[in-house]
Enquirer: 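Sharing a structure here in structure tokens format.
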Amino acid sequence: MDEQKNNNFNEQYELTLPSVVEVEVDGIQMGVLSDGIPYLTMRGLASICGVAPSVIHALTYNWQEEKTKPRGKKINQILLEQGYKQNRLYVKTTKNRSSGENAYPDSVCMAILEYYAFEANPNIETALRNYRTLARSSLRLFIYNRSGYDPSNLIPKSWKNFRDRIILNDQIPMGFFSIFREMVDIVVHLIQNKFEFNPSSVPDISVGQIWGRYWLSNNFDSKYKPRLKYYHKYPESYPQGAKSIDAWIYPIEALGEFRHWLYDTYVTKYFPKYLSGKEKDGMLPPSSSELILTSMTRPELPKDIV
């Protein structure tokens, strides 16, 4: 494990971390934590060591006592040589907001595997064979490759949430527009400034409510044509994803009216208050509102084009 990743685990070992991917390959359970640390489950670690899961359970759940015994002393020595000095050998994972497996980081797995391959009496052939295999290709790369995890191609959660909603709502009926898709420029500016685009923060709802009142107060159903309700999909990870949501879509003839209103009225009159509230809620870094508003200034056309 490289020093930076090891430090990440040393700082966070007492926390419960989500697993971004977990698979079972050839009977071995493995995965990657949200900070990029690869792990094996208790059953997966027991499998590559050629021992029963109960052996790993006894070793790791009584680690403070085990460190005083011959087996634990040797494993602890290997861990210390790797710079691992924590009081626990695993971290709790979460899945869908519930408790998941115990995750044993790659450094711990290799230390325990090394013990059973070379120090146990008698040596365990399964452990020796797996240790030799993993010595040629580090456990980190082994888990990344077998689980399909690509550390060079990670998408920040805010961008992933935004992308997923775009993909789910790309079939607006001909002749209409939706608030969410017309807000792409605003959402991009928000995310670029560290806005947490997640189920608890859905800016298009704010815009849609205020625009809806503006639409009704100006009797735009008569000026253009009536707006319609159309289903809007959310990712399964959103609370709204479990049910059908109807959202207003508006006639394309009113698109110019909406865009003028969005930047001339909403951004100038309502958006600063929205941003201020998100700063207080921790959805935006402090003092970022002014930067966002400045970045959204609309350019004027050159005189030779007008």
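All figures in this text were calculated on a predicted structure; none of them were measured in a lab. Numbering of residues begins at 1 and proceeds along the displayed sequence.
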Enquirer: Flag the pair Glu182 / Leu262 as yes when at least one side-chain heavy-atom distance between them is below 4.5 Å, and no otherwise.
Expert: no
Enquirer: Would you check if the side chain of Asn76 reaches a backbone N or O of Gly72 as a donor-acceptor pair within less than 3.5 Å?
Expert: no
Enquirer: Indicate whether the side chain of Thr133 and that of Asn130 have a donor and an acceptor atom separated by less than 3.5 Å.
Expert: no
Enquirer: Using side-chain heavy atoms (C-beta onward) and a distance below 4.5 Å, is Lys269 in contact with Ile210?
Expert: no
Enquirer: Are Tyr84 and Ile78 connected, step by step, through hydrophobic side chains (Ile, Leu, Val, Met, Phe, Trp, Tyr) whose heavy atoms are closer than 4.5 Å?
Expert: no
Enquirer: If the condition is salt bridge (charged side-chain N to carboxylate O under 4.0 Å, His left out), which residues does Lys223 pass it with, not counting sequence neighbours?
Expert: Glu257
Enquirer: Just how far is it from atom CG of Leu45 to atom CE of Met110, taken to the nearest 0.5 Å?
Expert: 11.0 Å
Enquirer: Is it the case that Ser178 and Tyr230 place a side-chain donor and acceptor less than 3.5 Å from each other?
Expert: no
Enquirer: With side chain to side chain contact (heavy atoms under 4.5 Å, CB included) as the criterion, how do Phe176 and Lys225 come out once you've worked through the C-alpha distance, each side chain's angles and the decisive distance to 0.1 Å?
Expert: CA-CA 10 Å; Phe176 290 85; Lys225 63 183 180 183; 4.2 Å; yes
Enquirer: Charged N to carboxylate O under 4.0 angstrom, Glu114 versus Lys74?
Expert: no
Enquirer: Should Gln64 and Asn87 count as side-chain neighbours, where that means a heavy-atom distance under 4.5 Å?
Expert: yes
Enquirer: Should Asp164 and Lys160 count as an ion pair when the cut-off is N to O under 4.0 Å?
Expert: yes
Enquirer: For atom NZ of Lys229, is the number of surrounding heavy atoms from other residues, nucleotides or ligands below 6.0 Å larger than 12?
Expert: yes
Enquirer: Does Asp170 have any side chain to side chain donor-acceptor pair (under 3.5 Å) partners at least two apart in sequence or in another chain, and if so, which?
Expert: none
Enquirer: Let's go through Asn169 and Tyr231 carefully: what are the C-alpha distance in whole Å and the side-chain angles of both, what is the deciding distance for side chain to side chain contact (heavy atoms under 4.5 Å, CB included) to 0.1 Å, and is it a yes or a no?
Expert: CA-CA 9 Å; Asn169 297 282; Tyr231 66 87; 5.5 Å; no
Enquirer: Run the side chain to side chain contact (heavy atoms under 4.5 Å, CB included) check on Phe162 and Val184 step by step: do they pass?
Expert: CA-CA 9 Å; Phe162 180 51; Val184 167; 4.1 Å; yes
Enquirer: How close do Ser47 and Gly27 get, counting heavy atoms only, and between which atoms?
Expert: OG-O, 4.3 Å
Enquirer: Does NZ belonging to Lys233 count more than 12 external heavy atoms closer than 6.0 Å?
Expert: no
Enquirer: Please name all residues satisfying side chain to side chain donor-acceptor pair (under 3.5 Å) with Asp26, sequence neighbours left out, ordered by chain then number.
Expert: Arg146
Enquirer: Using modelled atom types only, decide if a donor and an acceptor are shared between the side chain of Thr126 and the backbone of Gly50 within a distance under 3.5 Å.
Expert: no
Enquirer: So among Phe197, Phe195, Trp159, which one has a side chain to side chain contact (heavy atoms under 4.5 Å, CB included) with Val187?
Expert: Phe197
Enquirer: Taking the six-membered ring for Trp and the single ring otherwise, decide whether the centroids of His260 and Phe258 are under 6.0 Å apart.
Expert: no
Enquirer: Would a distance-only check, ignoring hydrogens and angles, find a side-chain to backbone donor-acceptor pair under 3.5 Å from Asp106 to Tyr39?
Expert: no
Enquirer: On a heavy-atom basis, which atom in Lys69 and which in Glu65 lie closest, and how many Å separate them?
Expert: NZ-OE2, 3.4 Å
Enquirer: Rounded to the nearest 0.5 Å, what separation is found between the CD1 atom of Ile292 and the CZ atom of Phe271?
Expert: 6.0 Å
Enquirer: Do the side chain of Thr60 and the main chain of Ile56 share a donor and acceptor less than 3.5 angstrom apart?
Expert: yes
Enquirer: Considering non-hydrogen atoms only, spot the tightest contact between Ala111 and Gln82 and give its length.
Expert: CB-NE2, 3.9 Å
Enquirer: Do Trp261 and Val207 have side-chain heavy atoms sitting under 4.5 Å apart?
Expert: yes
Enquirer: Can you tell me how far the CG atom of Leu89 sits from the CD1 atom of Ile75, to the nearest 0.5 Å?
Expert: 8.0 Å
Enquirer: Could you tell me whether the side chain of Ile28 reaches within less than 4.5 Å of the side chain of Leu40, counting heavy atoms only?
Expert: yes
Enquirer: Check for me, please, whether Leu168 and Ile179 land in the same ILVMFWY cluster - side-chain distances under 4.5 Å, paths through other members count.
Expert: no
Enquirer: Quick one, Ile37 with Val32, criterion side chain to side chain contact (heavy atoms under 4.5 Å, CB included). Give me CA distance, side-chain angles, the key distance, then yes/no.
Expert: CA-CA 6 Å; Ile37 293 175; Val32 182; over 6 Å; no
Enquirer: So, are Arg165 and Asp204 salt-bridged, with charged N and O less than 4.0 Å apart?
Expert: yes
Enquirer: Tell me the closest heavy-atom pair linking His189 and Asp185, and the distance in Å.
Expert: CD2-O, 3.0 Å
Enquirer: Do Phe220 and Tyr214 have ring centroids that are under 6.0 Å from one another?
Expert: yes
Enquirer: I'd like to know if Tyr104 and Leu80 are part of one continuous hydrophobic network [Ile/Leu/Val/Met/Phe/Trp/Tyr, side-chain heavy atoms within less than 4.5 Å].
Expert: no
Enquirer: Cut-off 3.5 Å, side chains only: do Tyr61 and Asn102 have a donor facing an acceptor?
Expert: yes
Enquirer: Nearest 0.5 Å, please: how far is NE2 in His232 from CD1 in Ile205?
Expert: 8.0 Å
Enquirer: So do Tyr250 and Leu228 actually touch side chain to side chain, heavy atoms under 4.5 Å?
Expert: no
Enquirer: Can you tell me how far apart OH (Tyr90) and CH2 (Trp63) are? Round to the nearest 0.5 Å.
Expert: 12.5 Å
Enquirer: For Tyr263, does the six-membered ring have the charged nitrogen or CZ of Arg259 within the cation-pi criterion, i.e. under 6.0 angstrom from the centroid and within 45° of the normal?
Expert: no
Enquirer: Tell me the closest heavy-atom pair linking Ala127 and Cys49, and the distance in Å.
Expert: CB-O, 3.5 Å
Enquirer: What is the distance from atom CE of Met183 to atom OG of Ser206, rounded to the nearest 0.5 Å?
Expert: 7.5 Å
Enquirer: Do Ile166 and Phe180 make a side-chain contact, defined as non-hydrogen atoms from C-beta onward lying under 4.5 Å apart?
Expert: yes
Enquirer: Does Arg43 use its side chain to pair, donor to acceptor, with the backbone of Gln29 at less than 3.5 Å?
Expert: no
Enquirer: Quick check: do Arg227 and Leu216 have side-chain heavy atoms less than 4.5 Å from each other?
Expert: yes
Enquirer: Can you give me the closest heavy-atom contact between Pro251 and Pro226, atom names plus distance?
Expert: CD-O, 4.2 Å
Enquirer: Would you check if the side chain of Ser276 reaches a backbone N or O of Pro272 as a donor-acceptor pair within less than 3.5 Å?
Expert: no
Enquirer: Can you check whether Tyr266 and Trp211 have ring centres sitting under 6.0 Å from each other?
Expert: no
